[in-house]
Each structure stands twice: as structure tokens, then as C-alpha cells.
Amino acid sequence: MWHGRFKQGMAEMVKDFTQSLDIDWRMAECDIQGSIAHVRMLGKTGLLKVDEAEKIELGLQKVLREIQNGTFKPSRDLEDVHMNIEARLTEIEPLGAKLHTARSRNDQVATTTRLYLRERLKSLTLDLRELLKVFVNNAEHHVNVIIPGYTHMQQAQPISMGHYWLAWYEAFKRDSSRLDFALDSLNECPLGAGALAGSTLPIDREMTSEILGFSSPTRNSLDSVAQRDYMTDYHYFASMLMIHVSRLCNDLINWNTQEFAFIVLPDEFCTGSSMMPQKKNPDVLELARGKTGQVIGNFIDLLFTLKGLPMTYNRDLQEDKRGLWASLDTVESVVRILTALLAKVDVNEKVALSGLEKGYSLATDVAEYLVSKGVPFRDAHMKVGKLVGWCIENNLSFEDLTLTQWQEHIPEVDEAMLKILSPRESVRRRNVFGGTGFDQVMERIQEVNL
Ligand code: ARG
């Protein structure tokens, strides 16, 4: 349609190959929103008569209703969401032929996509806030619960489970800042950039930008239709978020094993096995971890699409949305289900603690105690290390040692040291800003403002 240049219509296979309707139809309402802003501007600037602009807007509202009640069946013959809507509008209201004045699909698609992405990111901001709240709630419930903290998957030092949850709060809070940044980077309006160079007609870009709720029009028409870094900013946010999700899920999957058994997952978030009746599998966590690859893959996909593209718009850019939608849908579902699951995770403190008592996770506490008695840290480290070696050879834990045995190996040890030798004291005494001390964790919880 609308083409005077061609003698023959497009081959069917080419229509199939070039259409983007299956991808961009979901932006239909945002496309109409953009067109309404555009036509109001055309009316205001005198490019259309006021009553023409009003009739076109009414026509657009009609098309919108047809979309909302599902009676509008778009056709792939019309390639994409933009042409389908314009064609339907013109059927309803012949003045629709004036809508595309001073506009190209290049600035149109850039505007529509930003509007759609903005909606999704705003909704994601709310979802993410719920996730952050769960970490803080869990932290509050579990401040006094002690679990082993790990480095290299080896027991390192006892920590408050509250501190563990707050560690995730910090990471996802940064993700939330990255999401704010992504929202910020789509906040300029490309409408009016035209195909690439702007327009000879006296349009008012400030006006469309304002109607659509952007901070300002974009400042360079070439840049407006050529670049997609407002999308890559989203993808970076999404990839980091999913990397955090995958690590969190992995911890919980480990801690849910019979070997660890630190945590209990809610039944309604687990699945059974078709063969083994005893199984209660953490599939939700595994799937959340497993979806990380696609989200990172979608990021890489777009980066590769963009690499080396000449200025300005190239049809390659039509491929920018497929992975974006997939990523948005995945991230949204993961954040929501994780929020629901995390709210119901129980900790089996007895089991977590019993693991700790057999190990030597208080070795650093002993070394630091010796430092407070004037022993240089390196000497203290050596002495405690030797004692641990001796205990392992003799199948003893720190708890089994009498004061005399302690002093045989480390003369500086005194009665008072034995009193600090418990996981609870160990956590309590790590009362440094940002440390796992119970008071510290409580203070961090109180600081949260969500
Ligand atoms: N369907 C296209 C896209 O999503 C529309 C943009 C303009 N097309 C064009 N041939 N200039 O990118």
C-alpha cells in the first residue's frame, strides 16, 4: 500500500521474512498513544486543521477500542504494527492519510518502543521493590539465627542469617539503581527525528515530548533513529539481576539438600518426581537459575546486532525487540515467583549450628583474641593454625579442649577467652560497621527505606 515506486507487489515469501507484526503487535496501544500526541501537535502547529486533527484522533480512539476488545485482526501483509494501525485508521477515517505528516516509521518505532519499555520498567520497579522488602523481612526474622558463612564452599566464620539476607538486599538494591538508570536513558523523545534528518515542516517536538511524558526531545535526529543503547542499559540491568538470582538460587538449592538441610522450602514451590516418591525438588529455584542464560544471551544478541551498523537506521534494527520482550517476560516472572518463594523459606537453625560446632570456624576469633593480648596477628595465626592441625590429628574440636590443653599450645590463652568461644559470641562481637554482629544487622535493617 501507499507505494508509488513499485510496479509489482512484494513476494509472499518476502512478506513473511520482513514482517515484524508477530513481535511489535504487543506495542499497539503505545503506538496509538504516540500517534495521538503527534496528531495533536499537527493540529496545534497548523499543519492540519484543528477539526482534521480531532477527527483523526477520534479515529485513533476507535482503533484503540478495536484493539482492546480484540476485534482488530492485524495482517502481516501490512508488515508491522505501525502500518496496520494507520491502514485501519484510514479505513475508518480517510483523513488518516494525513497522520504520517512529518513522521517516519524510524522515529515512530523508536518512540513507541520507548513508551512500551517505560511501562514495563515502571512495573518492574514495583516488583523489584517487593523483592527487596522480602529480603528485609527475612533479615528481621532471622537476625538471631546463626549459620556458617562460607568462602570456597568451606566453613569460614559464623554469620547471622539476617546478614545473609541483607547481602542480597544490597545486591538487588544496586540492580534497582541500574533499573532506574535504564528508565532514565529512555527518557528523551525521538518523535520528529523523521527518517533520519528531521523535517522541513514546522513541527513542535517539545510539544509531543511533553504530551508523552518525556523529559525533552532527543537532541540529534541521526542519533535518535540509529541507536539502541537505551535497550542495552536495560539488558545490562537484567543480566546482572539474573546473575544475582542464579547465585542466590544456587545457595538455596545447596542448603536444601539432605547434606546441608539448613533451610526448608515451602511445599507449594517444590515438585515431586515421577519415579521417586521421596523427592521434593527445588525446581522453581533451578528454573530461575536456568533462565539466566537466556537473559544474558538476549543482551549479547542485541550487542552483536548493533556492532558495526552504519549510521543510521538499518533494517537489522527490527531484530532489536524479540530478545527484549523475552528478557522482560523472564525477568518479571522470575522476580515475582522468587518474591513469593522467599517469603516462605524457613531456616533450620539447629542443623545449621550443629554443622558449625564440629568445625573450626572460631579460629579467627581466637587469633583476634590473641591480638588483643598483644600477640602479632601473624604469630597468632600460626599458633592457632598449628592447634587446629593438632586437633584434627586427635579428632578433637575446640569445644573439647580444657584450659590447660589450650595453654599447652598457646600460653597467652586465658579463662576469659573460653567465654567468647561460641558461634553466638563470635557473631555478636563482629560489631564493626557492615559486619555480621547482631546489632549491626539490626541497624542496617532500621536504615532501610523502601
Ligand atoms: N518494522 C520496522 C522496525 O521495527 C519499522 C521501522 C521502519 N522500517 C523501514 N523500512 N524504514 O524497525
Side-chain angles (χ1 to χ4, degrees), residues 1-6 8-35 37-38 63 67 72-90 96-97 99-120 186 189-199 208 212 218 220-232 234-235 298 301-328:
M1 68 169 196
W2 297 311
H3 285 295
R5 168 145 186 7
F6 294 93
Q8 264 175 354
M10 202 183 272
E12 290 303 310
M13 70 191 296
V14 177
K15 285 183 188 167
D16 286 335
F17 190 73
T18 57
Q19 65 83 30
S20 57
L21 194 59
D22 56 342
I23 293 300
D24 56 29
W25 184 246
R26 62 157 83 190
M27 304 193 296
E29 293 192 21
C30 293
D31 199 60
I32 290 189
Q33 197 188 340
S35 289
H38 184 65
V63 180
I67 292 167
F72 189 153
K73 298 278 175 266
S75 155
R76 78 94 165 85
D77 285 353
L78 294 170
E79 189 181 311
D80 58 21
V81 62
H82 320 294
M83 306 245 264
N84 266 280
I85 289 174
E86 193 183 335
R88 180 67 189 131
L89 166 72
T90 313
L99 171 65
H100 212 51
T101 306
R103 188 175 73 170
S104 154
R105 274 182 300 152
N106 295 352
D107 59 341
Q108 188 180 357
V109 71
T111 307
T112 301
T113 310
R114 287 179 195 221
L115 289 173
Y116 180 84
L117 187 57
R118 186 173 70 186
E119 259 175 34
R120 296 294 302 268
L186 59 70
C189 185
L191 202 57
L196 78 165
S199 173
T208 40
L212 294 173
T218 49
N220 182 298
S221 60
L222 305 178
D223 178 61
S224 312
V225 296
Q227 304 299 356
R228 294 293 185 264
D229 34 294
Y230 68 93
M231 288 187 187
T232 54
Y234 159 76
H235 281 294
N298 288 322
D301 175 10
L302 179 61
L303 292 174
F304 269 89
T305 303
L306 296 174
K307 183 192 172 297
L309 276 190
M311 277 285 204
T312 55
Y313 181 87
N314 300 271
R315 195 62 181 270
D316 314 44
L317 291 174
Q318 183 169 294
E319 294 295 323
D320 62 358
K321 288 177 279 303
R322 193 183 312 273
L324 184 61
W325 302 165
S327 175
L328 282 167

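We count ligands from 1, going down the list as the structure has it; atoms in each ligand are counted the same way. Throughout, numbering of the chain's residues begins at 1 and tracks the sequence.
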Looking at E29 and I67, would you say the former's side chain and the latter's main chain have a donor-acceptor pair under 3.5 Å? no
Please check this pair: side chain of T112 against backbone of V109, looking for a donor-acceptor N/O pair closer than 3.5 Å. no
Any salt bridge between R105 and E79, counting N to O under 4.0 Å? yes
Minimum heavy-atom separation for D16 to R76, with atom names? OD1-NE, 2.5 Å
Within 4.0 Å of some non-hydrogen atom of N106, the atoms of ligand 1 are 6 (C), 7 (C), 8 (N), 9 (C), 11 (N)
Give the residue and atom name of whichever protein heavy atom lies nearest to atom 1 (N) of ligand 1, and the separation in Å to one decimal. Q318 OE1, 2.8 Å
State the atoms of ligand 1, each with its element, that fall below the 4.0 Å cut-off from a heavy-atom position in S20. 1 (N)
Any donor and acceptor pair, going by atom type alone, linking the side chain of D107 with main-chain N or O of L191 inside 3.5 Å? no
Any side-chain donor near an acceptor of the partner, S104 and Y313, under 3.5 Å: no
What do we get for K321 next to ligand 1 when only non-hydrogen atoms under 4.0 Å count, side chain, backbone, both or neither? side chain
With a cut-off of 4.0 Å, which atoms of ligand 1 are near a heavy atom of D80? 1 (N), 2 (C), 5 (C)
Atoms of ligand 1 close to V109 [distance to a heavy atom under 4.0 angstrom, numbered from 1]: 4 (O)
Looking only at protein heavy atoms, what sits closest to atom 12 (O) of ligand 1 is Y313 OH, 2.4 Å
